[in-house]
Amino acid sequence: MNENEDLITLKVPAAAEYIDLVRLTLYGLAVKIGFSYEEIEDMKVAVSEACNNAVLHAYGDIRSHAALTGTLAEAPHIEVRFVKRYDALSIIVKDEGTSFDAAAAAKLAQPVDGKTIDELQAGGLGLYLMQALMDDVVVSSEMGTEVVLTKRLIRSGDH
Amino acid sequence: MKHNDKLVLRTENQEGKCTVYVGGELDLESAVQMRAAMSPLIELTDRELVLNLQELRYVDSTGIGILVSVLKARHAKEAPFTVTAVPPHIRKLFDMTGITPFLLKQA
């Protein structure tokens with residue numbers, strides 16, 4: 001790890017009830033670094049969306065594992081790494097799930113502009129929101145899914 | 001904050017109108033509670049259904065998905081549905097996802 005980076009790691013059970021804990025941690029760190037209220041709100045939503053996906057993949061895996069073997073798999077976790085650099089914060093959300101096709105999801109990620117009510121879809125907005133709210137989003141799927149969300153920090157002294 | 005205070009719902013019935021005050025956090029965890037609360041109200045086609053979001057602190061795509069589901073269900077029944085008092089940071093998400101014109105009454 002680069003000496004100009006600080007790393008904060010949080011590992012939580014892949015369950016919906018722990019996502020607000022990830023948000024709280026992000027909030028504390030982002031305030032400390034000096035992000036604006038609006039930037040923090042944006043990051044909270046983006047990080048939660050990545051965690052939502054991780055939880056949903058984990059549930060999918062538990063169900064398919066149980067169906068195949070008749071037993072429950074070990075409880076899965078989500079690992080969240082906050083990488084603080086001088087000019088940016090990256091949040092890396094990694095799950096151990098296998099039931100996600102990142103490439104297919106990226107193609108579906110789009111807003112609902114210009115559609116009629118009948119064409120609106122109740123799902124599929126998560127990845128779109130991540131892309132819209134962060135400066136950079138990278139999704140990779142090998143041994144689980146890893147989402148890297150980056151927000152650049154505009155320091156007031158830089159203007 | 002108590003665990004069960006995460007999402008706070010209060011329903012007010014008036015003549016021709018049912019208003020639900022939605023407060024707290026509407027996310028993957030509280031989605032089940034929200035869906036359960038909405039399901040009987042969707043059927044009340046003799047009155048307008050209004051969601052007041054003034055006290056809503058947080059919503060994610062799961063929550064937005066529920067609003068879209070309610071909108072579609074009400075539309076299919078030709079029953080009125082609107083969302084009011086949307087806080088600015090939540091309005092931003094509605095604008096980004098493109099659902100604002102469907103949810104908010106045009107001024």
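Only heavy atoms go into these numbers, but all of them, side chains included; no hydrogens, no water, no symmetry mates. Naming convention: chains lettered A, B, ... in sequence-line order (proteins, then strands); numbering from 1 in each chain.
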*Asks:* Please tell me whether B:F94 and B:L56 are part of a single hydrophobic cluster in this structure, the criterion being side-chain heavy atoms less than 4.5 Å apart.
*Replies:*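 Yes, B:F94 and B:L56 fall within the same hydrophobic cluster.
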
*Asks:* Going through the distances and angles, do A:L133 and B:M96 end up as a side chain to side chain contact (heavy atoms under 4.5 Å, CB included)?
*Replies:* CA-CA 9 Å; A:L133 292 167; B:M96 270 181 172; 3.4 Å; yes

*Asks:* Given 3.5 Å as the limit, does a donor-acceptor pair link the side chain of B:E29 with the main chain of A:I19, or not?
*Replies:*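 Checked: no pair found.
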
*Asks:* Would you find more than 12 non-hydrogen atoms of other residues, nucleotides or ligands less than 6.0 Å from B:Q14 atom CD?
*Replies:*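 Correct, the count exceeds 12.
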
*Asks:* Do B:M34 and B:L44 belong together in a cluster built from hydrophobic side chains that touch within less than 4.5 Å?
*Replies:*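 Both belong to a single hydrophobic cluster.
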
*Asks:* Hey, quick one: are B:L26 and B:V32 part of the same hydrophobic cluster, counting side-chain heavy atoms closer than 4.5 Å, chains of contacts allowed?
*Replies:*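 Cluster IDs for B:L26 and B:V32 differ.
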
*Asks:* Could you grab the distance from atom CG of A:N53 to atom OG of B:S61, nearest 0.5 Å is fine?
*Replies:*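 Atom-to-atom, A:N53:CG and B:S61:OG are 7.0 Å apart.
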
*Asks:* Is it possible for you to say whether B:L53 and B:V50 belong to one hydrophobic cluster, with membership spreading through side-chain heavy-atom contacts below 4.5 Å?
*Replies:*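 No; B:V50 is not reachable from B:L53 via cluster members.
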
*Asks:* Test of understanding: with salt bridge (Lys or Arg N to Asp or Glu O under 4.0 Å), list the residues that count as partners of A:R23, not counting sequence neighbours.
*Replies:*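 Result, salt bridge (Lys or Arg N to Asp or Glu O under 4.0 Å) vs A:R23: B:E25, B:D27.
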
*Asks:* For A:V138, what residues pass the side chain to side chain contact (heavy atoms under 4.5 Å, CB included) criterion, not counting sequence neighbours?
*Replies:*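 A:V138 satisfies side chain to side chain contact (heavy atoms under 4.5 Å, CB included) with A:D136, A:V148 only.
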
*Asks:* Listed by residue number, which members of residues 32-42 of chain A have a heavy atom under 4.5 Å from any heavy atom of chain B?
*Replies:*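 So the qualifying residues are A:Y37, A:E38, A:E41, A:D42.
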
*Asks:* How would you list all residue pairs meeting salt bridge (charged side-chain N to carboxylate O under 4.0 Å, His left out) that involve residues 37-47 of chain B, not counting sequence neighbours?
*Replies:*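 Qualifying pairs, neighbours excluded: B:E43-B:K77.
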
*Asks:* Could you pull out the closest heavy-atom pair between A:L129 and B:I64, with the gap in Å?
*Replies:*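 So the minimum-distance heavy-atom pair works out to CD1-CD1, 4.4 Å.
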
